[in-house]
Asks: 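Got a structure for you, questions after.
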Amino acid sequence: MMNVLYFAWVRERIGVPKETVETQAETVADLVEELRGREERYAAAFADLSALRVAIDQELSEFDSPLKGAREVAFFPPMTGG
Amino acid sequence: MMNVLYFAWVRERIGVPKETVETQAETVADLVEELRGREERYAAAFADLSALRVAIDQELSEFDSPLKGAREVAFFPPMTGG
Amino acid sequence: MVSISISVQDTAFDAGAMLNDFSNENSQVGAVISFTGLVRDTPDNDLDRMVIEHYPGMTERALQTIADEAAQRWDLAAVLVIHRFGDLHVGEQIMMVATASRHRTAGFEAAEFLMDYLKSRAPFWKKEFTKSGAEWVDAKDADEAALGRWSAD
Amino acid sequence: MVSISISVQDTAFDAGAMLNDFSNENSQVGAVISFTGLVRDTPDNDLDRMVIEHYPGMTERALQTIADEAAQRWDLAAVLVIHRFGDLHVGEQIMMVATASRHRTAGFEAAEFLMDYLKSRAPFWKKEFTKSGAEWVDAKDADEAALGRWSAD
């Protein structure tokens with residue numbers, strides 16, 4: 001069981017800020033593949049990975065990072081604070 | 001007739017903040033020579049020119065700058081504002 | 001010991017009062033530098049409001065990591081970071097970064113470093129609401145590129 | 001048109017209030033940077049007071065020249081320079097420089113430029129009064145050297 005969080009326009013496209021996902025995905029990229037296969041809104045949100053960033057357990061990570069032990073994965077666009 | 005101003009420790013060594021000087025000096029260096037010849041306190045203040053700065057009519061200048069037309073010359077140590 | 005203060009809040013703050021407090025708490029050093037980011041109107045002058053979304057938990061961790069890194073790289077007495085989220089209007093303060101240091105060069109560099117990292121590494125997202133609709137603000141390539149100068153040394 | 005405000009004064013000022021006023025007057029741009037210089041105690045913690053002497057007339061001209069130069073080199077909306085003279089005590093604000101700009105990099109660079117030039121080109125001299133006597137503060141080679149980086153570009 002893994003919490004998956006979405007922020008900004010990723011949240012808007014997927015339609016929820018957070019959900020719990022049952023997954024055996026080994027990497028973030030694997031998880032993205034699973035999500036893409038679910039519904040059109042996921043495919044739309046994950047269409048261009050270069051426009052996305054990912055955090056594993058609140059640390060910025062890469063799409064090929066392993067998910068072993070992760071409790072929380074978040075997807076969002078590049079940050080625009082400051 | 002030229003106003004000569006002194007600031008910081010130059011003022012303290014010479015003992016006055018300002019005086020009027022009758023001079024035909026062509027450059028700042030010439031003026032310094034004349035002043036040095038006056039009294040010991042001037043010789044002391046002008047002992048090391050590398051420790052001094054000069055302004056002609058309120059513009060930072062060099063010791064070899066011409067004095068032609070100048071109304072006000074000021075001597076002081078390197079600035080320490082900020 | 002560097003004093004690090006971080007606040008992520010949805011309420012407005014008084015940058016001037018924060019600057020004065022920060023200076024008073026650090027009067028043993030000579031240089032205080034502050035950066036304040038304000039909500040700027042759109043080119044069409046029709047910004048109704050800006051909404052800032054953030055990632056609670058990760059935001060505070062990211063800001064702490066960035067401040068710790070600054071404190072390690074420069075000789076600082078104190079670091080202050082304040083960042084708002086929620087609704088903001090034109091002219092309001094979005095965020096503030098301040099450094100207190102003995103020497104001004106360290107303070108300036110650290111403040112720029114904090115800003116560069118905060119822009120691209122702290123999980124905040126801005127959305128602008130105007131007459132013509134709502135748009136997420138795009139990240140600027142220049143902001144990502146700005147990080148490059150801190151990795152060489 | 002860049003708004004330039006310069007004040008040379010013997011009275012204390014409220015840096016926070018100045019920062020807020022400056023931000024309010026420049027809310028069409030996004031980045032406000034301030035530098036505040038404070039009276040720092042001596043290593044022996046025995047500073048009774050600092051006296052700042054200046055060259056009335058030349059001071060204002062020098063600060064104006066430095067601010068004009070900054071306004072010419074960077075894309076700024078406004079520049080603020082305040083510098084005190086006379087008697088000051090530990091923790092008091094000696095001076096303040098602020099810039100308002102569209103982009104933070106221009107604001108940071110301009111603020112550093114203003115400080116570098118102000119330090120070595122504006123006619124102020126500090127004298128420290130301690131238990132062991134009174135001493136004029138020596139100019140630092142590093143301050144003069146800091147000007148070098150602005151002449152290359």
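Residue numbers start from 1 in every chain, and the chains themselves are labelled A, B, ... in the order their sequence lines are given, proteins ahead of strands.
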Asks: So which of D:Gly107, D:Ala17, D:Ser23 has the largest heavy-atom pair count under 4.5 angstrom toward chain C?
Replies: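 Between D:Gly107, D:Ala17, D:Ser23, the count favours D:Ser23.
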Asks: Could you list the residues that satisfy salt bridge (Lys or Arg N to Asp or Glu O under 4.0 Å) with D:Glu53, not counting sequence neighbours?
Replies: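 Once residues adjacent in sequence are excluded, the partners of D:Glu53 under the salt bridge (Lys or Arg N to Asp or Glu O under 4.0 Å) criterion are B:Arg11.
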Asks: Please classify the contact of C:Asp116 with chain D as side chain, backbone, both or neither, using a heavy-atom distance under 4.5 Å.
Replies: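 When you check distances to chain D, atoms from both the backbone and side chain of C:Asp116 fall under 4.5 Å.
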Asks: Any residues in residues 76-100 of chain C near chain D, with a heavy-atom distance under 4.5 Å, and which are they?
Replies: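 Counting heavy atoms that sit under 4.5 Å from chain D, the residues of residues 76-100 of chain C involved are C:Gly91, C:Gln93.
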Asks: Taking the side chain as everything from C-beta on, heavy atoms only, tell me whether C:Glu112 gets closer than 4.5 Å to D:Glu109.
Replies: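 C:Glu112 does not reach D:Glu109 side chain to side chain.
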Asks: What are the residues of residues 57-65 of chain C, in order of number, with any heavy atom under 4.5 angstrom from a heavy atom of chain D?
Replies: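 Within residues 57-65 of chain C, no residue comes under 4.5 Å from chain D.
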Asks: Is a donor on one side and an acceptor on the other found under 3.5 Å between the side chain of C:Arg40 and the backbone of D:Arg102?
Replies: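 The answer is yes, because a donor-acceptor pair under 3.5 Å joins these two groups.
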Asks: If you count the non-hydrogen atoms of other residues, nucleotides and ligands that lie under 6.0 Å from CD in C:Glu135, is the total more than 12?
Replies: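 No, because the 6.0 Å sphere around CD of C:Glu135 holds 12 heavy atoms or fewer from other groups.
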Asks: Step through the shown structure and confirm whether more than 12 heavy atoms of other residues, nucleotides or ligands are within 6.0 Å of CG on C:Asp75.
Replies: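 No, because the 6.0 Å sphere around CG of C:Asp75 holds 12 heavy atoms or fewer from other groups.
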Asks: Verify side-chain contact (heavy atoms from CB on, under 4.5 Å) between D:Lys119 and C:Arg104, making sure each step is shown before the conclusion.
Replies: CA-CA 11 Å; D:Lys119 281 257 171 195; C:Arg104 72 183 183 286; 3.5 Å; yes
Asks: Residues of residues 28-38 of chain C under 4.5 Å from chain D (heavy atom pairs)?
Replies: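 Checking residues 28-38 of chain C against chain D gives C:Gln28, C:Val29, C:Gly30, C:Ala31, C:Val32, C:Ile33, C:Ser34, C:Phe35, C:Thr36, C:Gly37, C:Leu38.
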Asks: Should we say atom CG of D:Asp44 is surrounded by more than 12 heavy atoms from elsewhere, each under 6.0 Å from it?
Replies: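 Enclosed.
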